[in-house]
Amino acid sequence: MNNDLDDILMRLHAAGVEFIIVGGVAANLHGSARVTVDLDLMYKRGDANITRLVGALAPLSPYLRGAPLGLPFRFDHPTVTAGLNFTLDTSSGPLDLLGEMTGVGRYEDVVLHTNTMDIIGNDSLVIELDWLIRAKRAAGRPKDLEVLAELEILRGLTDKNG
Amino acid sequence: MYDVDAAPIVRRVREASALSQRELADRAGTTQAVVSRVESGVASPSFDMVRRLANAAGFELRLECVPHRVTDPVVDAYKPGVDQSLLIANLRKSPRERFSTLLSARRFILKVRRVGEEARNRVAEPTAKYGRQGDE
């Protein structure tokens with residue numbers, strides 16, 4: 001395995017973690033020309049999935065992004081259970097783990113609005129373009145305005161081409 | 001109650017199955033006149049009738065909820081600046097190819113960042129060690 005986004009995805013698939021690719025990587029998979037460094041994933045809450053998630057990612061030494069070194073942060077089952085959304089640095093790159101997203105809800109809500117894409121030899125769930133737009137719009141961040149413009153154009157092009 | 005124009009749906013599935021109105025009507029257990037009225041928009045059929053006609057043509061009728069497509073003038077203002085040729089080129093690629101391109105670009109960006117950080121550190125080191133010029 002290399003130290004890249006595909007490493008994270010392969011580990012999650014191998015462990016049977018239920019997750020959905022959202023955010024910038026999802027935008028890219030829908031055709032966006034923007035390059036993103038972070039990987040945003042929505043994960044299913046629940047003991048069994050959190051156990052698998054922690055088991056898959058712990059070897060990548062996840063740590064709170066931007067936090068000073070030496071904090072008593074442990075990426076383990078109690079921590080993930082007690083939290084919801086995590087902004088992490090890992091040895092395979094920046095990773096945002098989302099238990100919930102403004103505007104679209106939790107895994108159980110979003111999973112109904114996903115596309116299945118084979119990107120690394122496994123079928124990965126990717127949030128639908130319409131729902132990605134909805135999430136970006138709900139986030140209401142100024143930096144997303146340009147992204148939204150691009151996503152809406154992509155939607156128009158996709159609609160046109162069937 | 002539902003507010004859906006059934007006419008194009010019924011016409012499309014019937015034509016896709018190469019059925020005449022009478023053939024579709026027979027299969028659905030209704031009359032050609034009913035199919036004709038539905039396709040011309042004269043009649044507003046029940047949801048169940050539309051489903052029967054779709055099934056008779058070999059289709060499933062599915063209802064799907066999708067978010068409202070709202071327009072935002074601020075977002076629209078950014079659209080002229082978007083290079084559509086890049087998007088069109090991306091749409092011709094498979095998701096796997098798009099992901100592969102992302103990985104390459106991402107590696108390049110991370111490398112540039114790392115080189116930048118190293119350069120900043122090299123500049124900062126003498127300052128930290130010896131103090132700034134003029135410091136006593």
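Labels below follow one simple rule: chain letters A, B, ... track the order of the sequence lines, proteins then strands, and each chain is numbered from 1.
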When clusters are formed by joining ILVMFWY residues with side-chain heavy atoms under 4.5 Å apart, either directly or through shared neighbours, do [X] and [Y] land in the same one?
X: A/Leu71; Y: A/Val54; value: yes
X: B/Ile109; Y: B/Leu86; value: no
X: B/Val13; Y: B/Val35; value: no
X: A/Leu84; Y: A/Ile127; value: no
X: B/Leu19; Y: B/Phe59; value: no

For [X] against [Y], the heavy-atom pair lying closest together:
X: B/Val82; Y: A/Ala149; answer: CG2-CB, 4.3 Å
X: A/Gly93; Y: B/Arg106; answer: CA-NH2, 3.6 Å
X: B/Ala105; Y: A/Val35; answer: CB-CG2, 3.5 Å

Quiz item: Is it true that a side-chain atom of B/Arg98 and a backbone atom of A/Asn28 form a donor plus acceptor pair closer than 3.5 Å?
Solution: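 Judged by distance alone, no pair lies under 3.5 Å.
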Self-check item: Segment of B/Leu87 engaging chain A (4.5 angstrom heavy-atom cut-off)
Solution: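 B/Leu87 touches chain A through backbone and side-chain heavy atoms alike.
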Quiz item: In terms of heavy-atom proximity below 4.5 Å to chain A, should B/Arg92 be classed as side chain, backbone, both, or neither?
Solution: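 Contact with chain A: none, neither part.
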Residues, nucleotides or ligands: over 12 heavy atoms within 6.0 Å of [X] [atom1]:
X: B/Arg22; atom1: CZ; result: no
X: B/Glu118; atom1: CD; result: yes
X: B/Phe108; atom1: CZ; result: no

Quiz item: If you check every heavy atom in residues 36-51 of chain A against those of chain B, which residues fall under 4.5 Å?
Solution: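 A/Thr36, A/Val37, listed by number.
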Quiz prompt | Any residue meeting salt bridge (charged side-chain N to carboxylate O under 4.0 Å, His left out) with A/Asp118, in chain and number order, not counting sequence neighbours | solution =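 Salt bridge (charged side-chain N to carboxylate O under 4.0 Å, His left out) list for A/Asp118, sorted by chain: B/Arg96.
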Exercise. Kindly compute the distance separating CZ (A/Arg34) from CG (B/Asn90), expressed to the nearest 0.5 Å.
Key: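 Going from the CZ atom of A/Arg34 to the CG atom of B/Asn90 covers 12.5 Å.
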Quiz item: How long is the span from the CD atom in B/Gln84 to the CG atom in A/Leu157, to the nearest 0.5 Å?
Solution: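 Separation between the atoms: 5.0 Å.
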Less than 3.5 Å apart, which donor and acceptor atoms pair up between the side chains of residues 73-80 of chain B and the rest of the protein, not counting sequence neighbours?
{"residue": "B/Asp76", "atom": "OD1", "partner": "B/Lys79", "partner atom": "NZ", "Å": "3.0"}
{"residue": "B/Lys79", "atom": "NZ", "partner": "A/Glu152", "partner atom": "OE1", "Å": "2.7"}

I'd like to check [X] versus [Y] (side-chain heavy atoms, cut-off strictly below 4.5 Å). Are they in contact?
X: B/Asp72; Y: A/Leu148; result: no
X: A/Leu5; Y: B/Leu102; result: yes
X: A/Leu9; Y: B/Phe99; result: yes

Quiz prompt | Pairing residues for A/Ala139 by the side chain to side chain contact (heavy atoms under 4.5 Å, CB included) criterion, not counting sequence neighbours | solution =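 Partners of A/Ala139 by the side chain to side chain contact (heavy atoms under 4.5 Å, CB included) criterion, ordered by chain and then number, come out as A/Arg141, A/Asp144.
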Practice problem: Counting only heavy atoms closer than 4.5 Å, note whether A/Leu112 contacts chain B via side chain, backbone, both or neither. | Solution: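 Looking at A/Leu112, nothing touches chain B.
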Practice problem: Could you tell me which portion of A/Pro142 (side chain, backbone, both or neither) has an atom closer than 4.5 angstrom to a non-hydrogen atom of chain B? | Solution: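 Answer is neither: A/Pro142 stays 4.5 Å or more from chain B.
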Quiz item: Who among A/Met117, A/His30, A/Glu146 has the most heavy-atom pairs with chain B under 4.5 Å?
Solution: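 So the answer, after comparing A/Met117, A/His30, A/Glu146, is A/Glu146.
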Quiz item: Hey, which of A/Ile133, A/Leu154, A/Ile120, A/Ile119 has the most heavy atom pairs under 4.5 Å with chain B?
Solution: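 The residue among A/Ile133, A/Leu154, A/Ile120, A/Ile119 with the greatest pair count is A/Ile119.
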